[in-house]
Amino acid sequence: MKGTLRAKITGVGAFLPEKIVTNKDLESIIETSDEWIKTRTGIEERRIVDDKTSCSDLGSEAAQRALKMAGITSGEVELIIVATITPDMSWPATACIIQEKIGAHNAAAFDISAGCTGFIYGLAAATQFIQGGMYQKVLVIGSEVLSRIVNWQDRTSCILFGDGAGAVVLEATNGPSGILANYLGSDGQGAHLLKQPAGGTCMPASFKTVEEKLHTIHMNGNEVFKFAVRVMGDASLKVLEMLGISKDEIDLLIPHQANMRIVEAALKRLNLPPEKVIVNLNKFGNMSSASIPVALNHAIEEKRLHQGQKVLMVGFGAGLTWGATLMEW
Ligand code: UT7
């Protein structure tokens with residue numbers, strides 16, 4: 001469809017902290033085993049930041065790499081959207097802090113809080129800004145320092161998460177390729193299933209909240225698991241339906257990297273062979289909004305992404321939220 005105004009990803013970048021924490025390392029701090037974590041989740045290790053590194057540091061590095069691949073300068077960026085549940089501070093937006101760090105002085109900037117679906121929400125927002133004609137060059141970043149909000153004594157959640165950042169540059173194009181469709185969903189009835197209870201206006205920080213570890217991730221793992229299995233398939237099929245595309249036209253699936261069993265359920269529902277999916281949760285764990293862009297970067301590094309391919313990105317997370325994006329690369 002030549003002539004249609006589209007948003008197209010022209011640059012991708014990722015940045016992971018150097019420090020590796022293996023399942024074996026976790027065995028010394030909680031009652032768990034490498035075997036349990038591997039069989040129940042597929043995770044083998046994750047990256048963790050040092051004491052001095054924040055969400056905006058990781059996001060800035062990833063953004064600079066994405067700008068380099070796109071071949072544009074930070075001064076050309078018109079909008080920065082940061083998806084994160086671990087911002088530098090509640091406010092101002094981490095997007096503004098990254099704007100300053102990368103010198104994107106001509107951009108507007110804001111954050112999105114949509115849990116692990118944040119990057120997909122960011123892509124959808126960027127698509128609208130571009131297709132509506134307001135901006136031509138947009139940076140979407142997913143950046144997380146989950147190690148700072150994990151309860152390292154809670155074995156049901158601390159084994160899952162890691163730190164990292166991924167970023168993409170989207171540009172306006174008239175070509176046939178680019179973002180073809182976005183689908184988003186949310187259900188606040190499930191807000192209590194995955195949350196950081198304290199630190200907001202509902203439960204401000206106090207000695208008691210710190211003592212009771214209410215500033216950490218609280219999750220009902222089993223309920224989130226069931227929800228994830230359902231919506232990963234539903235959201236994927238919905239975005240295909242929007243375009244009248246069948247499952248077998250998908251060339252590559254880039255799912256949120258939470259649990260290998262959730263990824264396998266999505267593959268089964270979409271009737272896709274394992275060679276059509278990008279998986280990196282074994283190396284990085286669940287990096288929330290950073291998981292999908294880091295996996296996209298991984299696909300490029302592994303030379304698994306080729307021009308003209310139909311790529312489906314799909315995620316779920318706190319909110320509850322879910323969403324899917326279909327693009328032609
Ligand atoms: O991005 C969104 C973030 N959240 C998620 O994606 C979470 C989705 N949920 C999950 O991935 C899974 O529910 C978990 C990995 C969190 C848990 O796996 P599960 O197969 O649902 O295990 P379970 O919670 O049913 O627990 C089974 C057993 C329990 O022991 P009992 O009651 O059967 O004696 C747990 O206490 O495993 C125990 N257990 C552990 N054992 C060793 C829970 N965590 C651990 C652990 N090591 N780390």
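As the structure is a prediction and not an experimental result, all values here were calculated from the model. Count residues from 1 along the sequence. Just follow the structure's listing: the first ligand is 1, and inside any ligand the first atom is 1.
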One finds that the ligand 1 atoms under 4.0 Å from a non-hydrogen atom of Asn259 are 10 (C), 11 (O), 15 (C)

Counting from 1 in the order shown, the ligand 1 atoms closer than 4.0 Å to a non-hydrogen atom of Ala258 are 6 (O)

* Answer yes or no: is there an ion pair linking Lys226 with Glu223, defined by an N-O contact shorter than 4.0 Å? => yes

Does atom 36 (O) of ligand 1 have a protein heavy-atom neighbour under 4.0 Å away? yes

Here the atoms of ligand 1 under 4.0 Å from any heavy atom belonging to Arg40 are 19 (P), 20 (O), 22 (O), 27 (C)

Point to revise | Gly221 N/O under 3.5 Å from ligand 1 N/O | key: yes

*What do you think, any protein heavy atom under 4.0 angstrom from atom 48 (N) of ligand 1?*
yes

In ligand 1, the atoms that come under 4.0 Å of a heavy atom of Thr41 are 15 (C)

Per-atom filter on ligand 1: closer than 4.0 angstrom to a heavy atom of His256 are 1 (O)

Note: ligand 1 atoms sitting under 4.0 Å from heavy atoms of Cys116 are 1 (O), 2 (C)

Exercise. Could any protein non-hydrogen atom be found less than 4.0 Å from atom 1 (O) of ligand 1?
Worked result: yes

Salt bridge Arg148-Asp163, side-chain N to carboxylate O under 4.0 Å: no

Self-check item: Ionic contact status for Glu212 with Lys208, cut-off 4.0 Å
Solution: yes

Would you verify that at least one protein heavy atom lies under 4.0 Å from atom 7 (C) of ligand 1, or report that none does? yes

Discussion item. Protein heavy atoms near atom 16 (C) of ligand 1, is at least one of them under 4.0 angstrom away?
Written reply: yes

**Prompt:** So does Glu171 pair up with Lys8, basic N to acidic O under 4.0 Å?
**Reply:** no

One finds that the ligand 1 atoms under 4.0 Å from a non-hydrogen atom of Met219 are 4 (N), 5 (C), 7 (C)

Per-atom filter on ligand 1: closer than 4.0 angstrom to a heavy atom of Thr156 are 16 (C), 43 (C), 44 (N)

- prompt: Does the distance from a Lys or Arg side-chain N to an Asp or Glu carboxylate O, for Arg269 and Asp234, drop under 4.0 Å?
  reply: yes

Short version for Asn286: what comes under 4.0 Å of ligand 1, heavy atoms counted, is side chain

